[in-house]
Amino acid sequence: MHHKRLVLSLSLFAIFPFLAEANSTALQDYEAVEERLAKLEADNDKLKDFNFAGYFRGGWESAAKGTTNATVTLGKGVSASGISFERPNWAQGALGRYGNEFYGWYDLILSQRFYNKDGVAMKAVVLLDGSIDLDSSNNNFARSDGNDISFGKMYLETKGLIPGHPEATFWVGRNQLPAKEILMFDWKYAYTAEGGGAGIQNLRMGPGALDLAIGRNDYKVFKTDLSGSTSVATNTVQMRYHDIRLTPDITLDLLGDYAMANASDSQKKRAAAGEFFTLKDAFMAGAAIRKAGADSGFNELVLQVASNGMATNMSRLHGANPYLGHSDNYFGEQSGGLLYRAVTQGENFIGDHFGVVHAIALGKASDIVDAETFAPHSDLTFFRSALRPAYIWENNNQTGVELGYFNQKSKQFGKTLSESGVKTTLFHTIRFEKSSFGLLPEIRFYATWLKALDNQLDNVAFADNKDDQWKFGISANVIFF
């Protein structure tokens, strides 16, 4: 019986009620760190008006020889030299995170409730996020490679202002609708780049709840020779209809984004003349089905379609978020092409001492800009996978291995380029929950082997221009409130 459940858990179809035995365990939704922290902070908010919560990760890492960073070169599809830079975690969004996540990221959330009367509550929320150097003792601020800090969120949140919906929230400021994350790959299948905006969340309508938001996120649109850029205004509309309960332990979410460029007449003329790339409107639509399992286990299937810049970014090897551009940069000439993506993730337990975590993504795109080479009119196929079986000790420590493999092919300029790689991480974790995705602190000891089988898209090279690397490390991941 245990073997049968394991096979089902690793199947794309395990979440469907007619293929899996129903379980009445409360559904556990695995959100981004910011949302999980916000929920912890909300629980604490019942006790006091001011709250402080946070997340950080950091530790030590070293390679067998040289730096643990990889050197990648992007944009060679439109420029002979491209853009070269060092990346600390090669293909993390395609191979998995254990032993492949070396940077000191943090989030600090502060909130102050200043009004709570007659069913109406208001509070100010501030999120500070950034990074701390882990490979240098230099503590200066405003360095491009570390010790950066920013106000990721700053908004007013209200409750009780919407007639007939006392539990709905209305916010204004720098914020976004909650992100939905593929945790093993460290990217989000529902996520819009943060900027100023306004939103309404948790409007109970019919069988589910509706979230709506509009936001501003301008992009640096580059010249076609990558020698400079111009800032083009952009507005994005977001929609989520979520928590549609199909059975006691299965829910359905529907989601969509639409990004609209608002270029000036001068910018349109210069783009039409071929000086700059043209920033084109894009959409993303999708559905996610989640099934709860025993011991906080779960399985999730996500199906998505996207166009133009969002399609390009969702094919990226590193952070395949549904952005219109890469961070606030926009490269390439889009032609209205589409990308289709299917993703499954889950965690399942066999008995008291064995657990398996998995994430698989596959997709196909036609006539889009390649995210790594910036080549237009590219046709892509990709497969990404990470599998983490582990033995769970009596004290919830875990010992196991994370295996990753990806393959991406891109047909561009009449030829097919390939990128592929493998990762093997041996690990032992000290933690206080059985689930790998629990909120309590975790300390990881790991040894990782990375190898680039093909590197025709990002031209990756490790130290000494090698195609493989051994690295060793200890890291801590902490959430506090």
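Quick note: residue numbers are just sequence positions, from 1. FYI, side chains are in, hydrogens and waters are out, and symmetry mates aren't considered; it's all heavy atoms of this structure.
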Quick one, [X] and [Y] - any side-chain contact, counting heavy atoms below 4.5 Å?
| X | Y | answer |
| --- | --- | --- |
| Thr234 | Asn217 | no |
| Phe151 | Leu127 | no |
| Tyr241 | Leu255 | no |
| Glu167 | Lys159 | yes |
| Asn397 | Ile392 | no |
| Leu317 | Gln408 | yes |
| Met184 | Gln345 | no |
| Leu279 | Lys220 | no |

Any donor-acceptor N/O pair, [X] side chain to [Y] backbone, under 3.5 Å:
| X | Y | value |
| --- | --- | --- |
| Trp171 | Leu156 | no |
| Glu347 | Ser436 | yes |
| Ser307 | Gly337 | no |
| Asn308 | Asp281 | yes |
| Thr251 | Arg245 | no |
| Asn89 | Phe102 | yes |
| Asp370 | Glu372 | yes |
| Ser385 | Tyr405 | yes |
| Ser435 | Phe437 | yes |

* Could you go through the side chain to side chain donor-acceptor pair (under 3.5 Å) check for Asp249 and Thr247 one step at a time? => CA-CA 5 Å; Asp249 60 346; Thr247 73; 2.9 Å; yes
Could you tell me which residues satisfy side chain to side chain contact (heavy atoms under 4.5 Å, CB included) with [X], sequence neighbours excluded, listed by chain and number?
| X | answer |
| --- | --- |
| Leu303 | Leu301, Ala342 |
| Thr448 | Lys423, Thr425, Tyr446, Leu450, Lys471 |
| His353 | Tyr391, Glu394 |
| His242 | Ala209, Asp211, Arg240, Asp253 |

* is_close_aromatic(Phe427, Tyr98), centroid dist under 6.0 Å -> yes
* Any chance the rings of Tyr103 and Trp105 have centres within less than 6.0 Å? ->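 That pair fails the under 6.0 Å test.
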* Could you go through the side chain to side chain contact (heavy atoms under 4.5 Å, CB included) check for Tyr189 and Arg341 one step at a time? => CA-CA 10 Å; Tyr189 66 81; Arg341 183 169 74 177; 4.1 Å; yes
With rounding to the nearest 0.5 Å, note down the distance linking [atom1] in [X] to [atom2] in [Y].
| X | Y | atom1 | atom2 | result |
| --- | --- | --- | --- | --- |
| Asn329 | Leu324 | CG | CG | 11.5 Å |
| Leu95 | His318 | CG | NE2 | 11.5 Å |
| Trp90 | Asn100 | CH2 | CG | 9.0 Å |
| Tyr106 | Phe56 | OH | CZ | 12.5 Å |

* Chi angles and distances behind the side chain to side chain donor-acceptor pair (under 3.5 Å) call for Arg57, Tyr55 -> CA-CA 7 Å; Arg57 61 176 173 258; Tyr55 165 83; 2.8 Å; yes
With [X], which residues qualify under salt bridge (charged side-chain N to carboxylate O under 4.0 Å, His left out), at least two apart?
| X | value |
| --- | --- |
| Arg216 | Asp218 |
| Lys280 | none |
| Arg97 | Glu101, Glu181, Asp186 |

So which atom in [X] and which in [Y] form the shortest heavy-atom distance, rounded to 0.1 Å?
| X | Y | answer |
| --- | --- | --- |
| Ala271 | Phe277 | CB-O, 4.1 Å |
| Gly208 | Ile244 | CA-CG1, 4.1 Å |
| Leu339 | Ser315 | CD1-CB, 3.8 Å |

* Axial cation check for Phe349 ring with Lys434, 6.0 Å and 45° limits -> yes
* Within residues 381-390 or reaching into it, pairs that qualify as salt bridge (charged side-chain N to carboxylate O under 4.0 Å, His left out) - sequence neighbours excluded -> Arg388-Glu402
* **Trace of the side chain to side chain contact (heavy atoms under 4.5 Å, CB included) decision for Val125 with Asn175** => CA-CA 10 Å; Val125 182; Asn175 193 26; over 6 Å; no
* To do: Kindly indicate, with the supporting measurements, whether the criterion side chain to side chain contact (heavy atoms under 4.5 Å, CB included) is fulfilled by Phe222 and Ser229.
  => CA-CA 4 Å; Phe222 272 69; Ser229 65; 4.0 Å; yes
* Check step by step if side chain to side chain contact (heavy atoms under 4.5 Å, CB included) holds for Met310 and Asp257. => CA-CA 9 Å; Met310 288 185 178; Asp257 293 350; 3.9 Å; yes
Residues in side-chain hydrogen bond (donor to acceptor under 3.5 Å, both in side chains) contact with [X], at least two apart in sequence or another chain:
| X | value |
| --- | --- |
| Thr158 | none |
| Thr230 | Gln267 |
| Arg431 | Glu442 |
| Asn321 | none |

* Over 60° means perpendicular and under 30° means parallel, so classify the ring planes of Phe374 and Phe331, tilted if in between. => parallel
* Do Thr312 and Gln334 have side-chain N/O donor and acceptor atoms under 3.5 Å apart? ->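 Indeed, the side chains of Thr312 and Gln334 share at least one donor-acceptor pair under 3.5 Å.
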* Between Gln201, Met205, Arg204, which is the residue that forms a side chain to side chain contact (heavy atoms under 4.5 Å, CB included) with Leu210? -> Met205
